[in-house]
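Just so it is clear, the structure is predicted and the values come from calculations on it, not from any experiment.
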Amino acid sequence: MKNLSKTGNYNRSFVSWRALLMLVTTVLLAPVWAAAKEPAPQVEPLVRDLNALMSEENRSSVKKIVVLPGATLASSGVAGSYQEPTLGGSGGGIQVGGGPSVVRDIYGIPVGLSFPIFGISTGGSGKSGGVSRKEQEFRDALTKELAEAASAPLSNDALATDVFWRLREVPTLDTRIFAPTTPIPADTDAILYVRFSDSLIDVQGDEAFLTMSATAVMSRISDGAPLYEHLVNYRDRDKLENWTKNNNEAWHDFSAFSRHYLGREIAAELYERVNVQSELRPKETATVVPAKNDEWHAVSKTTTPTLAWELRLGDGDTQAEWAKGLDPSAIAYEVEIYDKHRIVYAAKNIRESQMTVDLELEACKTYRWSVRPSFNIDGDIRFGEWMRWDPDSANGNDGKAASVAAAYIYDFASLEIKCGRRGG
């Protein structure tokens, strides 16, 4: 409007005619676009329950627990537009994957190993009409390739072990992990039952949404009373061709990060996390410089950069009482750095709001990093949230583009290490 006020009626008339022409063109071509392009996949967002934490009362009363791996997956499947009716044909269902139960020693402890089964079945994407046979055959081939890759094991014993090792770091907690057939010690306060509860490949149009879910149930030994039960979900998405390229690289990342997230989230909800109003943001340092003035995407000329961050605690009425007026010197931090596929660096008990990485990162590579605060609350160590540029995006368990970055690390701060650089 600023430019139009300076150029007079001629430009206003020109803009009006151009807008009318665009409107007419849109109306005329709309049926063509509708036929050529499928509607964007509609999937309900994962809603995060901020109150899904075990109560402090139960945390303080349960000091000795035994972790047990669960049974095989209760249900699984591939849903969406796989082998839906095409123009001139239709398809039935195919079942792939699966496997037996075996026993394996994990850290010297025999526990059962079970394999999730990803099945392929008929389904509908919710849109009217069909797609061409050529398009559908291409989609079906990619879906089958993805499902066959997904038959690799994600085991209950591995998940239980992840939870066990996280809970072992809680100073006030005595945690053990047993096989389901091992007698439970008499002095145990509660049993924590952990299992993968569902797995789903939902193919809609040319996109695939992968979801892995896990259930944690804690019951008191003395009377069998349930103390905690929650379903945790991890989902990522991408184009089908992106899921299956590079020997199903995105699927393997999904497999690793889903287990990584689910185990951590269960431990965090049970004993680690507290609800505290805060904001964490990365900060520029002498060796970490924002790219295009974006503090969440930075570059470094050294392979041993200095990372820095800023924590702001809320002081409103909804803030936890113990956090109001908290001394910043009483806050410690944990830092983690990831490459595209795995965690590569971790540091704990950092007493300042910055640290220099003491392990050389690789040049010509982009990493993602985050930090979370830890608080000493009457002798108990509790943690806040991991730093994310979109902290309300379901806590990093609802991905946007798996081939770019896994859901868990997608909204961490990114750091590109320039090529040809060395430590220092």
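With respect to Lys63 and Asp189, no salt bridge is recorded, no charged nitrogen being found less than 4.0 Å from a carboxylate O. Checked for salt-bridge contact, Glu416 and Lys365 miss the test: no charged N lies under 4.0 Å from a carboxylate O. A salt bridge is absent between Glu385 and Arg372; no separation between the charged side-chain nitrogens and carboxylate oxygens falls under 4.0 Å. Under 4.0 Å is where a charged nitrogen must lie from a carboxylate oxygen, and between Glu336 and Lys348 no such pair does. A salt bridge links Arg382 to Glu56: at least one charged side-chain nitrogen sits closer than 4.0 Å to a carboxylate oxygen.
No more than 12 heavy atoms of other residues, nucleotides or ligands shown are found within 6.0 angstrom of NZ on Lys283. Applying the 6.0 Å contact sphere to CG of Asp187 captures more than 12 heavy atoms from other residues, nucleotides or ligands. Within a 6.0 Å radius of CZ in Arg351, more than 12 heavy atoms belonging to other residues, nucleotides or ligands are found. Asp315 CG: 12 or fewer foreign heavy atoms inside a 6.0 Å radius.
Annotation: side chain of Leu167 is in contact with side chain of Leu192 (closest heavy-atom distance under 4.5 Å). Counting heavy atoms from C-beta outward, Ser255 and Met212 have side chains that stay 4.5 Å or more apart. Using a 4.5 Å heavy-atom cutoff, the side chains of Asp236 and Thr211 are not in contact. Annotation: side chain of Leu311 is in contact with side chain of Tyr333 (closest heavy-atom distance under 4.5 Å). Inter-residue side-chain proximity for Val289 and Glu284 is flagged as met; some heavy-atom pair is nearer than 4.5 Å. At a threshold of 4.5 Å between non-hydrogen side-chain atoms, the residues Ile65 and Asp174 do not count as touching. Taking 4.5 Å as the limit, every side-chain heavy atom of Tyr228 sits out of range of all side-chain heavy atoms of Asn58. Within the 4.5 Å cutoff, no side-chain heavy atoms of Met218 are placed close to those of Glu229.
In this structure a side-chain-to-backbone donor-acceptor pair under 3.5 Å is present from Asn376 to Gly379. In this structure, Thr188 contributes its side chain and Ala190 its backbone to no donor-acceptor pair below 3.5 Å. Judged purely by atom type and a 3.5 angstrom limit, Thr306 has no side-chain atom pairing as donor or acceptor with the backbone of Thr285. Lys301 contributes no side-chain N or O that, together with a main-chain N or O of Ile417, makes up a donor-acceptor pair within less than 3.5 Å. The main-chain N or O of Ala208 is found under 3.5 Å from a side-chain atom of Trp243 such that the two form a donor-acceptor pair. Without hydrogens or angle criteria, Tyr261 side chain to Ala407 main chain gives no donor-acceptor distance under 3.5 Å. In this structure, Asp327 contributes its side chain and Ser329 its backbone to a donor-acceptor pair below 3.5 Å. For the pair Arg195 (side chain) and Thr215 (backbone), a donor-acceptor distance under 3.5 Å is absent. A donor-acceptor contact shorter than 3.5 Å is absent between the side chain of Asn248 and the backbone of Trp251. The backbone N or O of Phe196 lies less than 3.5 Å from a partner atom in the side chain of Asn156, making a donor-acceptor pair.
In this structure, a donor-acceptor pair under 3.5 Å is absent between the side chains of Asn233 and Arg235. With 3.5 Å as the limit, one finds no donor-acceptor pair spanning the side chains of Tyr234 and Glu265. Residues Asp202 and Gln204 have side chains that bring a donor and an acceptor to within less than 3.5 angstrom of each other. Side chains of Tyr345 and Asp358: a donor on one and an acceptor on the other come within 3.5 Å.
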Starting from the C-alpha separation in whole Å, work towards a yes-or-no answer on salt bridge (Lys or Arg N to Asp or Glu O under 4.0 Å) for Glu295 and Arg281.
CA-CA 8 Å; Glu295 60 189 356; Arg281 301 186 68 87; 2.2 Å; yes

In sequence, state the C-alpha distance, the side-chain angles, and the governing distance for Arg237 and Asp398, and then conclude on salt bridge (Lys or Arg N to Asp or Glu O under 4.0 Å).
CA-CA 8 Å; Arg237 70 188 71 185; Asp398 197 358; 3.1 Å; yes

I'd like to know whether Tyr338 forms a ring-ring contact (aromatic ring centres under 6.0 Å, His included) with His260, so could you lay out the CA-CA distance, the side-chain angles of the two residues, the decisive distance to 0.1 Å, and finally the verdict.
CA-CA 12 Å; Tyr338 293 77; His260 183 71; 5.7 Å; yes

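Below 30°, between 30° and 60°, or above 60°: for Phe412 and Tyr408 the angle between ring planes is above 60°, a perpendicular geometry. Ring geometry for Tyr410 versus Trp389: interplanar angle of 30 to 60°, hence tilted.
Remark: of the listed residues Val288, Val357, Leu307, Leu307 is the sole one forming a side-chain contact (heavy atoms from CB on, under 4.5 Å) with Trp369.
Note: Glu207 CD to Glu241 CD = 9.5 Å, rounded to the nearest 0.5 Å. Leu415 CG to Thr366 OG1: the interatomic distance, rounded to the nearest 0.5 Å, is 8.0 Å. The distance from the NZ atom of Lys418 to the OG1 atom of Thr303 is 15.0 Å, given to the nearest 0.5 Å. Rounding to the nearest 0.5 Å gives a distance of 7.5 Å between CD of Gln319 and OG of Ser278. In this structure, Leu313 CG and Glu279 CD are separated by 11.0 Å, a value rounded to the nearest 0.5 Å. One distance of note links CD1 of Ile177 with CZ of Arg168; it measures 11.0 Å at 0.5 Å rounding.
Taking all atoms of both residues into account, the shortest heavy-atom contact from Asn242 to Ala250 is O-CB, 3.8 Å. Nearest heavy atoms, Ser414 versus His297: OG-ND1, 2.7 Å.
Outside the 6.0 Å centre-distance limit, the rings of His252 and Phe257 are not counted as a close aromatic pair.
Geometric assessment of Arg264 against the ring of Phe383 yields a negative cation-pi assignment under the 6.0 Å and 45° thresholds.
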